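The structure under discussion appears below in the form of structure tokens.
In this text the structure is predicted, and so the values were computed from the model without any measurement. Sequence lines set the chain letters: A, B, ... in the order given, protein chains first and strands last, and positions in each chain run from 1.
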Amino acid sequence: MQKPTLPKGTRDFGPEQMRKRLFIFDTIRQIFQQFGFQPIETPSMENLSTLTGKYGDEGDQLLFKILNSGDFAAGITELDLASGSKKLTPKIAEKGLRYDLTVPFARYVVMNRNSLTLPFKRYQMQPVWRADRPQKGRYREFYQCDADVVGTDSLLCEAEIVLMIHEAFRNLAIQNFTLKVNNRKILAGIAEVIGAPGQEGTLSVAIDKLDKIGKEKVLDELRERGFSEETLVSLEPLFLFGSATPYQTLDQLKNWLSASDTARQGITELEEMLLLVDQYGLSDSRVEIDPTLARGLSYYTGAIFEVKANGVSIGSVSGGGRYDNLTGAFGMPGLSGVGISFGVDRIYDVMEELNLFPADTGQGTHVLIVPFDKEARSVALPLLNQLRTAAVAAEMYPDLSKVKKMLDYANAKNIPFVVLIGSEEVQTGILSLKNMVTGEQFKVTTEELMDRLR
RNA sequence: GUGAUUGUAGCUCAGUCGGUUAGAGCGCCGGAUUGUGGUUCCGGAGGUCGCGGGUUCGAGCCCCGUCUUUCACCCCA
């Protein structure tokens, strides 16, 4: 006998945790549906050719690969083995576990292009896998809840993402959050204006760390990566953005980046998005324009979003952005999309840390029926039926055991009411209803009991 | 992938300098109480000290390897 264990970075979820997780899923699903998104699901595994090359070199490293079925080693030569894992992998693994929900969605859109009505709004709530080293707020298997729109470049979609994020976190009682917004075109414009056109990728990776490692270390990293002192001096205005209002920040950006058409376009896009949000009537907006926000995924081309819960040391709980050509990789160019992803597991961690789960989340059994002997069941079973028909979550203790044991069971499951049925109750038809919280016990008729429990 | 860190009863953790039979609290089971729980009292079960090797007369404790936990970096939800 060996002790069973779980693979690194994976977890079981017991009933207590599932109540809370389902609360998060239900809350997000409801919002997605209110905003007109339709659910789809895609397989856990995709062909590796679908997944590789979409997330950068780092991402490819983090893909879980699935060994081919059958004799995966058949046809492998000494030469293959000697040529290293990178060359060998495609020969022994042609499938992998999905890394996110966006790329499988792009694949879905391309495969169903003829039957989809554009713009297509879909949501998807499924696990994804990454071969990362686990640490705080980071798991190897975790759930994402994605909502994306493809087939339109309307900025209303960006605005609706802003609205859904506000709605979601407020419904989850996470009031204190920041929605950071930037635009890849602004990042490209910055690279242009400081004299390093086309370098926005490297630039972004460095300045994204600003609030974590500080200005000097960001500059050090850029120097290491070949940025000249001249460009670094030109970058100076980037470090002067304080906690201004979104419109003020955009004005500052306009002044600084006026020489770049690309940047001006990015700024205009964000302005229009903010205007639409205002017209909709969002109150107490948590939007913050952050020109240092970069985000990793290489396919973003327009707006980018990231949500951080304040007061907890857990990374971003939500992220997304616009991608102009994701389906291009699958032979369908020119289709623009934008989406958002909620990280359920991190949201859970945040809510747990801040104690934000409502006490009565997904209440379980409402009443336990406790028959003292076999005869009592003739009264208990019809009552059980009646309770369930009236939509009262009810169960009967299955074994004939000591009353103590049955009441212990009710306590362990946090069942608030117990109906006791013995020979006395069978004869009179009057039932004993016990409130397990207060300890009070009442003699009631079946009708009175139903009234109290409904 | 890099650098740390953790592992002893179901859970949280003690365990001295390497020395006899590895302990506590909580939980669990039984009884006090055969129709009444959450309080109290009494009793009981439960351990391959993560796993494998090494040093030693002797290892929970020292050494090596490995797995696992947690954390930071990289990157990310």
Pairing string of RNA chain B (Watson-Crick or G-U wobble, both atom distances under 3.5 Å; | = paired to other strand) is ((((..(..((((.....[...)))).(((((.......))))).....(((((..]....))))))..))))....

Which part of the nucleic acid, if any, lies within contact of A:Val128, taking any heavy atom under 4.0 Å across all strands shown: a base, the sugar-phosphate backbone alone, or nothing?
-> nothing

At under 4.0 Å between heavy atoms, what does A:Gly439 touch on the DNA or RNA strands: base, sugar-phosphate, or nothing?
-> base

With under 30° as parallel and over 60° as perpendicular, where do the rings of A:Phe25 and A:Tyr143 fit, or are they tilted in between?
-> perpendicular

Classify the nucleic acid contact of A:Gly137 as base, sugar-phosphate or nothing, counting any heavy atom under 4.0 Å across all strands shown.
-> base

Determine the interatomic distance between C1' on B:rG60 and the same-named atom on B:rU20; round to the nearest Å.
-> 15 Å

Are any of A:Lys209's side-chain N or O atoms less than 4.0 Å away from OP1 or OP2 of B:rC73?
-> no

So does A:Gln144 get a side-chain nitrogen or oxygen closer than 4.0 Å to the phosphate oxygens (OP1/OP2) of B:rA77?
-> no

Just checking A:Gln441: base, sugar-phosphate only, or nothing, at a heavy-atom cut-off of under 4.0 Å?
-> base

Short side-chain N/O contact from A:Lys212 to OP1 or OP2 of B:rC73, under 4.0 Å | yes

Quick one: is the NZ or CZ of A:Arg122 closer than 6.0 Å to the six-membered ring centre of A:Tyr108, and within 45° of its axis?
-> no

Is A:Gly422 touching bases, backbone alone, or none of the nucleic acid, heavy atoms closer than 4.0 Å?
-> base

Decide, applying a 5.5 Å centre-distance limit and a 30° plane-angle limit (both strict), whether A:Phe342 stacks on B:rA77.
-> no

Within the modelled atom types, does a donor on one side and an acceptor on the other bring the side chain of A:Lys434 and the base of B:rU36 under 3.5 Å apart?
-> yes

Reckon A:Gln135 touches a base, only the sugar-phosphate, or nothing at all at heavy-atom distances under 4.0 Å?
-> base

Under 4.0 angstrom between A:Lys405 side-chain N/O and B:rG31 OP1 or OP2 | no

Taking distance alone, no hydrogens or angles, what donor-acceptor pairs closer than 3.5 Å link side-chain atoms of residues 366-377 of chain A to residues at least two apart or in another chain?
from: A:Asp373; atom 1: OD1; to: A:Glu375; atom 2: N; distance (Å): 3.3
from: A:Asp373; atom 1: OD1; to: A:Ala376; atom 2: N; distance (Å): 3.0
from: A:Arg377; atom 1: NH2; to: A:Pro398; atom 2: O; distance (Å): 3.0

Using only heavy-atom distances, decide whether a donor-acceptor pair under 3.5 angstrom links the side-chain of A:Arg130 to the base of B:rC76.
-> no

Between B:rG18 and B:rC63, how far is it from one C1' atom to the other, in whole Å?
-> 13 Å

So what does A:Tyr139 touch, heavy atoms closer than 4.0 Å: a base, only the sugar-phosphate, or nothing?
-> base

Remember a base hit wins even if backbone is also touched, and classify A:Glu306 as base, sugar-phosphate or nothing at under 4.0 Å, heavy atoms.
-> nothing

Using a cut-off of 4.0 Å on non-hydrogen atoms, how would the nucleic acid contact of A:Gly320 be classed: base, sugar-phosphate, or nothing?
-> nothing

Using a heavy-atom cut-off of under 4.0 Å over every strand shown, decide if A:Ser423 touches base, sugar-phosphate, or nothing.
-> base

C1' gap between B:rA59 and B:rU16, integer Å = 15 Å

Determine the interatomic distance between C1' on B:rU36 and the same-named atom on B:rA24; round to the nearest Å.
-> 33 Å

Pairwise P distance for B:rG37 and B:rU33, with rounding to whole Å = 12 Å

Of A:Arg138, A:Gln61, A:Lys8, the residue whose pairing with A:Asp132 passes side chain to side chain donor-acceptor pair (under 3.5 Å) = A:Arg138

Answer yes or no: does a side-chain N or O of A:Lys8 lie under 4.0 Å from OP1 or OP2 of B:rU68?
-> yes

Please output the side-chain donor-acceptor pairs of residues 316-330 of chain A that fall under 3.5 Å, not counting sequence neighbours, one pair per line with the distance.
from: A:Ser318; atom 1: OG; to: A:Ser341; atom 2: O; distance (Å): 2.8
from: A:Arg322; atom 1: NE; to: A:Glu158; atom 2: OE2; distance (Å): 2.5
from: A:Arg322; atom 1: NH1; to: A:Thr152; atom 2: O; distance (Å): 3.1
from: A:Arg322; atom 1: NH1; to: A:Ser336; atom 2: OG; distance (Å): 2.7
from: A:Arg322; atom 1: NH2; to: A:Ser154; atom 2: O; distance (Å): 3.2
from: A:Arg322; atom 1: NH2; to: A:Glu158; atom 2: OE1; distance (Å): 2.9
from: A:Arg322; atom 1: NH2; to: A:Glu158; atom 2: OE2; distance (Å): 3.4
from: A:Tyr323; atom 1: OH; to: A:Asp148; atom 2: OD2; distance (Å): 2.6
from: A:Asp324; atom 1: OD1; to: A:Ser336; atom 2: OG; distance (Å): 2.8
from: A:Asp324; atom 1: OD2; to: A:Thr301; atom 2: OG1; distance (Å): 3.1
from: A:Thr327; atom 1: OG1; to: A:Met332; atom 2: O; distance (Å): 2.7

If we take the P atom in both B:rU48 and B:rU56, what is their distance in whole Å?
-> 28 Å

Salt bridge (charged side-chain N to carboxylate O under 4.0 Å, His left out) filter on A:Glu58, not counting sequence neighbours, yields none

Under 3.5 Å, side-chain donor or acceptor atoms of residues 215-225 of chain A against the rest of the protein: list the pairs with distances, not counting sequence neighbours.
from: A:Lys215; atom 1: NZ; to: A:Glu236; atom 2: OE2; distance (Å): 2.5
from: A:Asp220; atom 1: OD1; to: A:Arg223; atom 2: NH1; distance (Å): 2.9
from: A:Glu221; atom 1: OE1; to: A:Lys209; atom 2: NZ; distance (Å): 3.0
from: A:Glu221; atom 1: OE2; to: A:Lys209; atom 2: NZ; distance (Å): 3.1
from: A:Glu221; atom 1: OE2; to: A:Arg225; atom 2: NE; distance (Å): 3.4
from: A:Arg223; atom 1: NE; to: A:Glu229; atom 2: OE2; distance (Å): 2.6

Residues 380-388 of chain A, side-chain donor-acceptor partners within the protein, below 3.5 Å, at least two apart:
from: A:Asn385; atom 1: OD1; to: A:Thr389; atom 2: OG1; distance (Å): 3.2
from: A:Arg388; atom 1: NE; to: A:Ala394; atom 2: O; distance (Å): 3.1
from: A:Arg388; atom 1: NH2; to: A:Ala394; atom 2: O; distance (Å): 3.0

Taking the same atom, P, in B:rG30 and in B:rG19, what whole-Å distance lies between them?
-> 40 Å

